[in-house]
**Student:** 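Dropping a structure here in C-alpha cells format, bear with me for questions.
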There are 2 protein chains.
Amino acid sequence: MPRATQTDLAVLAALSVAPMTGYAVRDAIRTHLGSFWNESFGQIYPALARLRTEGLVEVDAGERTGSSVHRLTAAGRARLVELMREPAVMTPPRNGMLLRLFFGDVIGAEACRALVGEAREQAVAQLAALAAARRETEAEPAELPQRAYWLMTISAGEHTARASIAWADETLAALTALTAP
Amino acid sequence: MPRATQTDLAVLAALSVAPMTGYAVRDAIRTHLGSFWNESFGQIYPALARLRTEGLVEVDAGERTGSSVHRLTAAGRARLVELMREPAVMTPPRNGMLLRLFFGDVIGAEACRALVGEAREQAVAQLAALAAARRETEAEPAELPQRAYWLMTISAGEHTARASIAWADETLAALTALTAP
DNA sequence: ACAAACATGTAACCAGTTACATGATTCA
DNA sequence: TGAATCATGTAACTGGTTACATGTTTGT
C-alpha cells in the first residue's frame, strides 16, 4: 500500500472504461461514484502526471486546445488489476451528526430533532438521485459487462439510504417522546 | 469552522461526561463511539495541550505518577455547546469495497464475491458488538439523561449493519447468477 | 519476573481540500 | 457579449495516521 494508491486506483479504473481528460475523470467519479467515492482536481492532476511518468497512462491531444485525453497503457491495466486485488482500505469513520447525537443532552432534544431531520432529508435526496442513476443504468444494454456491477453499487446506496430514513423516523419519534413524556 | 474543531469537539464532549486522562479519552472514544468516530493519540494529546492553554480544560494529578486528569472548565463547557451547534461536517466518502465492486468486471465475479463476503462478515461482527453495547447501555438507570441518546446512536449502527447484511446477501446471489447463468 | 495495560508525548509523513491562476469553447 | 462549462495546473494548508521513544503500574 504505497503512496496515493487509492487515488491511483480510482483514476486508473475510470480510464479503464474509456480514455478521458482529467476534468472528465473528476466528473465521472463525481457522477458515478459520488455516493461512495470522492476525488478533487488537486489529487487527480498530480496523479495523472505521475502515472504518465510511470508509463501507466499515455496522452493524446484532445478536441480542445491544451486538453489531454489520457489512455491506459498495457502496464497501466496490469497495475489496475494489481491495485484492485489489494485489500480494500476503509477510511476511519467520522460522522459529525452521530457524534453530536451521542452527546445530545448537551444541546437538548429539540436541537437533536433538527440534526436527525436534516440527515433524513439528505437520505431522501440521496434515494432520489439513486433512483435516477438506476433508471439510466438499467437502460444500458444487458450485454454490457459493467452493467450488473454498477447496479450492485447503486443497490448498496439504496439500502443505506433506506436504513437511514427508517432510523431517522424511529429516532425522531424517540426524541419527541423525550420532550413530551 | 476553525482548526481542529472536530477533534476539539470530540475531546471536550468526552470530558463533559467525566474528567479523564488523555489515554482514557482515546479509550472512551474507541469503545463508545468506535462505529462512527475515531481519534488517535497523535491528535488527542496535542489537542488536550492546546485546550489547556486556551483555558478550556484544567488538569489534576492522576493516581499514577505523571498522569493528568483533564477536566472541563466553565469556558470549556461553553465552547463545547458552541461546537455542538455548528453544522455537522461529513467527511467525503471513500469506500474501497464499493469502488472495487463498481469496476468489478476487471477482477471478475469470484473476486467480487470474496469482497462482498468480507463486508458481510464485518457487518455481522459489528451487529454483535452493537448488541453487547445495547445490553450494557440498557442496564444503565433510566434516569441517566444520556442513556436515550446513547441508544439512538447504537440503533443507527444496527440499522446500518442490518442494511449491509441484506445488501450483501442480495449481491452475493446476483454475483452467483453472474457466474452460472 | 514478566506481560499487559496504563500513560504521555513527538516527529515524520501522507492524504486530501481549497483557493488561486489561467485560459478556451460553447451556447443563449 | 457574457455566462457557463470545459480544461489544466500549483501552492498553501490542515487534518490525520503511524511509528517511535519512554516510563509506570497492575496482575499473574
Side-chain angles (χ1 to χ4, degrees), chain A residues 1-11 14-15 19-31 33-34 36-53 57 59-70 83 89-96 99, chain B residues 1-11 14-15 19-31 33-34 36-53 57 59-70 83 86 88-96 99:
Chain A
M1 46 237 78
R3 2 173 314 170
T5 291
Q6 304 268 148
T7 295
D8 284 7
L9 170 55
V11 168
L15 294 179
M20 266 178 258
T21 63
Y23 187 91
V25 167
R26 197 264 192 139
D27 204 54
I29 290 176
R30 218 176 23 170
T31 63
L33 318 179
F36 56 85
W37 203 264
N38 183 56
E39 293 292 346
S40 61
F41 286 135
Q43 291 278 107
I44 288 172
Y45 283 113
L48 242 18
R50 187 163 32 74
L51 293 170
R52 202 173 155 188
T53 66
V57 307
V59 298
D60 299 313
E63 301 202 338
R64 280 159 181 260
T65 51
S67 78
S68 330
V69 175
H70 296 71
L83 289 175
V89 199
M90 43 162 75
T91 26
R94 284 205 142 191
N95 186 325
L99 178 68
Chain B
M1 47 240 78
R3 4 173 315 175
T5 291
Q6 303 269 147
T7 295
D8 283 6
L9 171 54
V11 169
L15 294 179
M20 268 179 260
T21 64
Y23 187 89
V25 167
R26 199 264 192 137
D27 203 55
I29 289 176
R30 218 176 22 172
T31 63
L33 319 178
F36 56 84
W37 202 263
N38 183 56
E39 293 292 346
S40 61
F41 286 134
Q43 289 279 109
I44 288 173
Y45 283 113
L48 242 18
R50 187 163 32 74
L51 292 170
R52 202 174 154 187
T53 67
V57 307
V59 298
D60 299 313
E63 301 203 339
R64 281 161 181 259
T65 51
S67 78
S68 330
V69 176
H70 297 72
L83 289 175
E86 273 190 17
V89 199
M90 42 161 75
T91 26
R94 283 206 141 190
N95 185 325
L99 178 69

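Predicted model only: the values in this text are computed from it and were never measured. In what follows, chains are A, B, ... by sequence order, proteins preceding strands, each numbered from 1.
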**Student:** Roughly how far, to the nearest 0.5 Å, is CD of B/Gln6 from CD of B/Glu86?
**Tutor:** 9.0 Å
**Student:** B/Arg30 has an atom CZ; how far is it from atom C1' of C/dC6, in whole Å?
**Tutor:** 12 Å
**Student:** Looking for any heavy atom pair under 4.0 Å, which part of the strands does A/Gly66 touch: base, sugar-phosphate only, or nothing?
**Tutor:**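 Sugar-phosphate, no base atom in range.
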**Student:** Any idea which heavy atoms bring B/Ser67 and B/Thr21 closest together, and the distance?
**Tutor:** CB-CG2, 4.4 Å
**Student:** Nearest-Å distance, CD (B/Glu39) to C1' (C/dG9)?
**Tutor:**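 It works out to 16 Å between those atoms.
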**Student:** Does a side-chain heavy-atom distance below 4.5 Å link A/Val25 with A/His70?
**Tutor:** no
**Student:** Does the side-chain contact (heavy atoms from CB on, under 4.5 Å) test come out yes or no for A/Arg30 and A/Asp27, once each step is laid out?
**Tutor:** CA-CA 5 Å; A/Arg30 218 176 23 170; A/Asp27 204 54; 3.6 Å; yes
**Student:** Are A/Ser40 and C/dG16 close enough that a side-chain N or O sits under 4.0 Å from OP1 or OP2?
**Tutor:** no
**Student:** OP1 or OP2 of D/dT8 versus the side-chain N and O atoms of A/Thr21: is any pair under 4.0 Å?
**Tutor:**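 Checking D/dT8 against A/Thr21, a side-chain N or O does come within under 4.0 Å of OP1 or OP2.
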**Student:** Can you check whether B/Asn38's main-chain N or O pairs, donor with acceptor, with A/Arg94's side chain at less than 3.5 Å?
**Tutor:** yes
**Student:** When rounded to the nearest 0.5 angstrom, what is the spacing between CD in A/Glu39 and CD1 in A/Ile29?
**Tutor:** 5.0 Å
**Student:** Of the options D/dT10, C/dA15, C/dT8, whose atoms approach the side-chain atoms of B/Ser68 most closely?
**Tutor:** C/dT8
**Student:** Determine: side-chain N/O of B/Thr7 to OP1/OP2 of D/dG16, distance under 4.0 Å, yes or no.
**Tutor:**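 The answer is yes; a side-chain N or O of B/Thr7 sits under 4.0 Å from OP1 or OP2.
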**Student:** Can you confirm whether A/Leu83 sits close enough to A/Asp8 that some side-chain heavy atom of one is under 4.5 Å from a side-chain heavy atom of the other?
**Tutor:** yes
**Student:** Rounded to whole Å, how long is the line connecting atom CZ of A/Phe41 with atom P of D/dA11?
**Tutor:** 18 Å
**Student:** Using a heavy-atom cut-off of under 4.0 Å over every strand shown, decide if A/Gly22 touches base, sugar-phosphate, or nothing.
**Tutor:** sugar-phosphate
**Student:** Output the rounded distance in Å from CD (B/Gln6) to C1' (D/dG16).
**Tutor:**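 Spelled out: CD on B/Gln6 to C1' on D/dG16 is 12 Å.
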**Student:** From C/dT10, C/dA15, D/dT8, pick the nucleotide closest to the side chain of A/Ser67?
**Tutor:** D/dT8
**Student:** Output the rounded distance in Å from CZ (A/Arg26) to C1' (C/dG16).
**Tutor:**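 Computing the A/Arg26:CZ to C/dG16:C1' distance gives 13 Å.
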**Student:** Could you tell me how far apart A/Asp8 (CG) and C/dC14 (P) are, to the nearest whole angstrom?
**Tutor:**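 About 14 Å, once rounded to whole Å.
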**Student:** Provide, to the nearest angstrom, the distance between the CD1 atom belonging to B/Ile44 and the P atom belonging to C/dT10.
**Tutor:**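 Distance check: B/Ile44 CD1 to C/dT10 P gives 14 Å.
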**Student:** Going through the distances and angles, do A/Leu48 and A/Leu15 end up as a side-chain contact (heavy atoms from CB on, under 4.5 Å)?
**Tutor:** CA-CA 10 Å; A/Leu48 242 18; A/Leu15 294 179; 4.2 Å; yes
**Student:** Would you classify B/Arg94 as touching base, sugar-phosphate or nothing, given that sugar-phosphate means primed atoms plus P, OP1 and OP2, and contacts are heavy atoms under 4.0 Å?
**Tutor:** sugar-phosphate
**Student:** Starting at atom CZ of B/Arg52, determine the distance to atom P of C/dG9, rounded to an integer number of angstrom.
**Tutor:** 8 Å
**Student:** Closest approach to the side chain of B/Tyr45, judged atom by atom: which nucleotide of C/dG16, D/dT17, C/dG9 is it?
**Tutor:** C/dG9
**Student:** Please state whether the phosphate of D/dC6, meaning OP1 or OP2, lies under 4.0 angstrom from any side-chain nitrogen or oxygen of A/Tyr23.
**Tutor:** yes
**Student:** Taking for each residue the nucleotide of DNA chain C with the nearest heavy atom, is it B/Pro92 or B/Asp27 whose nucleotide lies nearer the 5' end?
**Tutor:** B/Asp27
**Student:** Over all strands shown, is B/Asn38 touching base, sugar-phosphate only, or nothing at heavy-atom distances under 4.0 angstrom?
**Tutor:** sugar-phosphate
**Student:** Between the protein and nucleotides 24-28 of chain D, list the N/O to N/O atom pairs that are separated by less than 3.5 angstrom.
**Tutor:**
{"unit_1": "D/dT24", "atom_1": "O3'", "unit_2": "B/Thr65", "atom_2": "OG1", "d": "3.0"}
{"unit_1": "D/dT24", "atom_1": "O2", "unit_2": "B/Arg64", "atom_2": "NH1", "d": "2.9"}
{"unit_1": "D/dT25", "atom_1": "OP1", "unit_2": "B/Thr65", "atom_2": "OG1", "d": "3.1"}
{"unit_1": "D/dT25", "atom_1": "O4'", "unit_2": "B/Arg64", "atom_2": "NH1", "d": "3.2"}

